[in-house]
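Encoded as structure tokens, the structure appears first; notes follow it.
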2 protein chains.
Amino acid sequence: MRMQINRNYEQSKIKPVTAQRSLLLSIMQETGMHLDAKELYRRASKKDANISLATVYRNLHLFKERGLIDERHLGQTRCYYEMKRLGGHQHLDLVCQGCRQIIEFKSPLIRKLIAEVQRKNDFSVTKVELYLEGYCNKCKEPKR
Amino acid sequence: MRMQINRNYEQSKIKPVTAQRSLLLSIMQETGMHLDAKELYRRASKKDANISLATVYRNLHLFKERGLIDERHLGQTRCYYEMKRLGGHQHLDLVCQGCRQIIEFKSPLIRKLIAEVQRKNDFSVTKVELYLEGYCNKCKEPKR
DNA sequence: ATAGGTGCAAATGGTTTGCGAAAAC
DNA sequence: GTTTTCGCAAACCATTTGCACCTAT
């Protein structure tokens, strides 16, 4: 099966350019939000009905390793992925237990906290995962 | 199978007192650190060779629901559990990618950050999961 | 030509669940 | 005696992997 190949990631560190990789990256770029593997697979399948979930997983690992995307867990058993942002991409995710929306929260305190950890514990940070669960303003009134 | 029952959790909100529940809670209390279900099961099996992993899982859910323990993910597919601490138990976990140890880090910045979220986003926080991955002072010099 | 990627189906690992036997109250 | 839990094995779900085939370079 031969496909149109979008080479707009050629300058990146991804070695062999394949149709599947182009497709996956362009979906992630357009989407600009957290996607899990299944959802990415669902969206990719609309353009390439033969793409397999294994390919999605393999390439997510590759993209992560090459620093193109970030992985977050957000308290789920599955993982979420999103394109890496430039600059201060440190943020806190607020996961609403009512509507399941994910709200991003940025604050200078996050950078300060990370700096404090590095200094006080001599710990060199490579990955930041910060999230809170609770109820957003629309979903207040928790069940109990 | 009849066992000695430790009733020291009778005042808690756990409805029927069973030998398995007493055992599991006492192990968690003695241990005072992050345990995953398998490790808790391993330790419980030494005292009660017949206890099943399903019972461990079911009771971990129960304890969590009743507010006796906290659950954390720490970037793993499995979950870790620990007894709930009194007062400002908010902390950040540092997960070392070298030796896999988990270091707890406390800072007033954490409370400030959470307060800021509640105020600025009108988000009512019910669960806090904060962790960083990286290399501890002994494991510095990441592989690449 | 060849290193490496892909699809498929099977394997894995943590967690959950249906069910009949047994314990708690 | 009734309600709930327990142990077992099977089911689940996200993810990973072995393998034969195919593609990019």
Side-chain angles (χ1 to χ4, degrees), chain A residues 1-25 34-45 47-66 68-69 71-81, chain B residues 1-25 34-42 44-45 47-66 68-69 71-81 100:
Chain A
M1 172 250 326
R2 204 143 232 287
M3 297 189 75
Q4 186 59 31
I5 293 188
N6 166 1
R7 297 188 179 248
N8 67 3
Y9 69 93
E10 226 165 0
Q11 286 120 322
S12 79
K13 312 131 201 173
I14 305 292
K15 302 192 268 192
V17 175
T18 68
Q20 292 87 337
R21 289 174 180 177
S22 293
L23 175 57
L24 294 174
L25 278 175
H34 300 274
L35 285 177
D36 62 18
K38 266 263 191 64
E39 179 60 25
L40 178 55
Y41 170 66
R42 221 171 279 126
R43 295 180 188 216
S45 298
K47 293 252 185 176
D48 171 1
N50 286 328
I51 199 169
S52 91
L53 189 52
T55 295
V56 172
Y57 277 109
R58 281 191 278 237
N59 283 316
L60 282 171
H61 287 306
L62 180 68
F63 300 160
K64 180 174 68 156
E65 189 193 308
R66 296 303 205 282
L68 295 179
I69 63 175
E71 175 191 78
R72 316 208 73 195
H73 294 81
L74 303 177
Q76 311 291 308
T77 82
R78 67 190 159 188
C79 295
Y80 292 90
Y81 299 89
Chain B
M1 169 251 326
R2 205 142 231 288
M3 298 188 74
Q4 186 60 30
I5 295 189
N6 165 2
R7 300 192 174 241
N8 68 3
Y9 69 93
E10 224 165 1
Q11 287 120 321
S12 80
K13 313 129 202 173
I14 306 292
K15 303 191 270 194
V17 176
T18 69
Q20 292 88 339
R21 289 173 180 176
S22 292
L23 175 57
L24 293 174
L25 278 174
H34 299 275
L35 285 176
D36 62 19
K38 267 264 191 64
E39 178 60 25
L40 178 55
Y41 170 66
R42 221 172 278 126
S45 299
K47 294 253 185 175
D48 171 1
N50 287 328
I51 199 169
S52 91
L53 189 52
T55 296
V56 172
Y57 276 109
R58 280 192 276 238
N59 283 316
L60 282 172
H61 287 307
L62 181 68
F63 300 160
K64 180 174 67 154
E65 189 193 307
R66 296 302 206 281
L68 295 179
I69 63 176
E71 175 191 76
R72 315 206 75 195
H73 294 81
L74 303 177
Q76 311 291 307
T77 82
R78 66 188 161 193
C79 295
Y80 292 91
Y81 299 89
R100 303 312 301 176

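Values below: every heavy atom of this structure, side chains too, minus hydrogens, waters and symmetry copies. Computed from a prediction, not measured in an experiment: that's the story for all the values here. The sequence lines fix the lettering, A, B, ..., with proteins before strands; numbering per chain opens at 1.
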Expressed in angstrom and rounded to an integer, what is the separation of [X] atom [atom1] from [N] atom [atom2]?
{"X": "A:Gln20", "N": "D:dC22", "atom1": "CD", "atom2": "C1'", "value": "10 Å"}
{"X": "A:His73", "N": "C:dT15", "atom1": "NE2", "atom2": "P", "value": "13 Å"}
{"X": "A:Leu35", "N": "D:dA14", "atom1": "CG", "atom2": "C1'", "value": "16 Å"}
{"X": "B:Glu65", "N": "D:dT5", "atom1": "CD", "atom2": "P", "value": "10 Å"}
{"X": "B:Lys64", "N": "C:dT15", "atom1": "NZ", "atom2": "C1'", "value": "11 Å"}
{"X": "A:Asn50", "N": "C:dC8", "atom1": "CG", "atom2": "C1'", "value": "11 Å"}
{"X": "B:Leu25", "N": "D:dT5", "atom1": "CG", "atom2": "P", "value": "14 Å"}
{"X": "B:Glu39", "N": "C:dG14", "atom1": "CD", "atom2": "C1'", "value": "15 Å"}

* To do: Only counting residues at least two apart or in another chain, list the ones meeting side-chain hydrogen bond (donor to acceptor under 3.5 Å, both in side chains) with A:Arg66.
  =>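 side-chain hydrogen bond (donor to acceptor under 3.5 Å, both in side chains) check on A:Arg66 returns nothing, list empty.
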* Take A:Leu68 and A:Ile14, measure what side-chain contact (heavy atoms from CB on, under 4.5 Å) needs, and give me the verdict at the end. => CA-CA 9 Å; A:Leu68 295 179; A:Ile14 305 292; 3.8 Å; yes
For the side chain of [X], counting heavy atoms from C-beta on, which of [options] is nearest?
{"X": "A:Arg78", "options": "D:dT15, C:dG7, C:dG5", "value": "D:dT15"}
{"X": "A:Ile51", "options": "C:dG14, C:dG7, D:dT5", "value": "C:dG7"}
{"X": "A:Ala37", "options": "D:dT25, D:dG7, D:dT15", "value": "D:dT15"}
{"X": "A:Arg21", "options": "C:dC25, C:dT6, C:dC8", "value": "C:dT6"}
{"X": "A:His61", "options": "D:dA14, C:dT16, D:dT15", "value": "D:dT15"}
{"X": "B:Asp48", "options": "C:dG5, D:dG7, C:dA9", "value": "D:dG7"}

It should be established whether [X] places a side-chain nitrogen or oxygen under 4.0 Å from OP1 or OP2 of nucleotide [N].
{"X": "B:Thr55", "N": "D:dT5", "answer": "no"}
{"X": "A:Thr18", "N": "C:dT6", "answer": "yes"}
{"X": "B:Gln76", "N": "C:dG13", "answer": "no"}
{"X": "A:Tyr57", "N": "D:dT15", "answer": "yes"}

* Asked: With nearest nucleotides of DNA chain D determined for A:Asp36 and B:Leu62 from heavy-atom distances, which residue corresponds to the more 5′ nucleotide?
  ->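 Looking at DNA chain D, the more 5' nearest nucleotide goes with B:Leu62.
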* Asked: More 5' along DNA chain D: B:Leu53 or B:Thr77, using each one's nearest nucleotide?
  ->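 Result of the comparison: B:Leu53.
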I need the minimum non-hydrogen distance between [X] and [Y], along with the two atoms involved.
{"X": "A:Leu24", "Y": "A:Phe63", "value": "CB-CE1, 4.0 Å"}
{"X": "B:Leu74", "Y": "B:Tyr80", "value": "CD1-CD1, 3.6 Å"}
{"X": "A:His73", "Y": "B:Gly75", "value": "NE2-O, 3.4 Å"}

* With the side chain counted from C-beta on, respond yes when B:Gln20 and B:Ser52 share a heavy-atom pair under 4.5 Å apart, and no when they do not. =>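 B:Gln20 vs B:Ser52: side chains apart.
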* Rounded (10°) bend between the five-pair end axes of the helix from C:dA1-D:dT25 to C:dC25-D:dG1 ->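 Taking five pairs per end, the axes differ by 30°.
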* Reckon B:Asn59 touches a base, only the sugar-phosphate, or nothing at all at heavy-atom distances under 4.0 Å? ->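 Answer is sugar-phosphate: B:Asn59 comes under 4.0 Å of backbone atoms only.
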* To do: Could you walk me through whether A:Lys64 and A:His61 pass the side-chain contact (heavy atoms from CB on, under 4.5 Å) test, one step at a time?
  => CA-CA 5 Å; A:Lys64 180 174 68 156; A:His61 287 306; 4.3 Å; yes
* Starting at the 5' end of DNA chain C and moving along, which residue's nearest nucleotide shows up first, B:Cys79 or B:Arg58? ->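 Nearest-nucleotide comparison on DNA chain C picks B:Cys79.
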* Apply side-chain contact (heavy atoms from CB on, under 4.5 Å) to the pair A:Arg78 and A:Lys38, showing each step before the final yes or no. => CA-CA 9 Å; A:Arg78 67 190 159 188; A:Lys38 266 263 191 64; over 6 Å; no
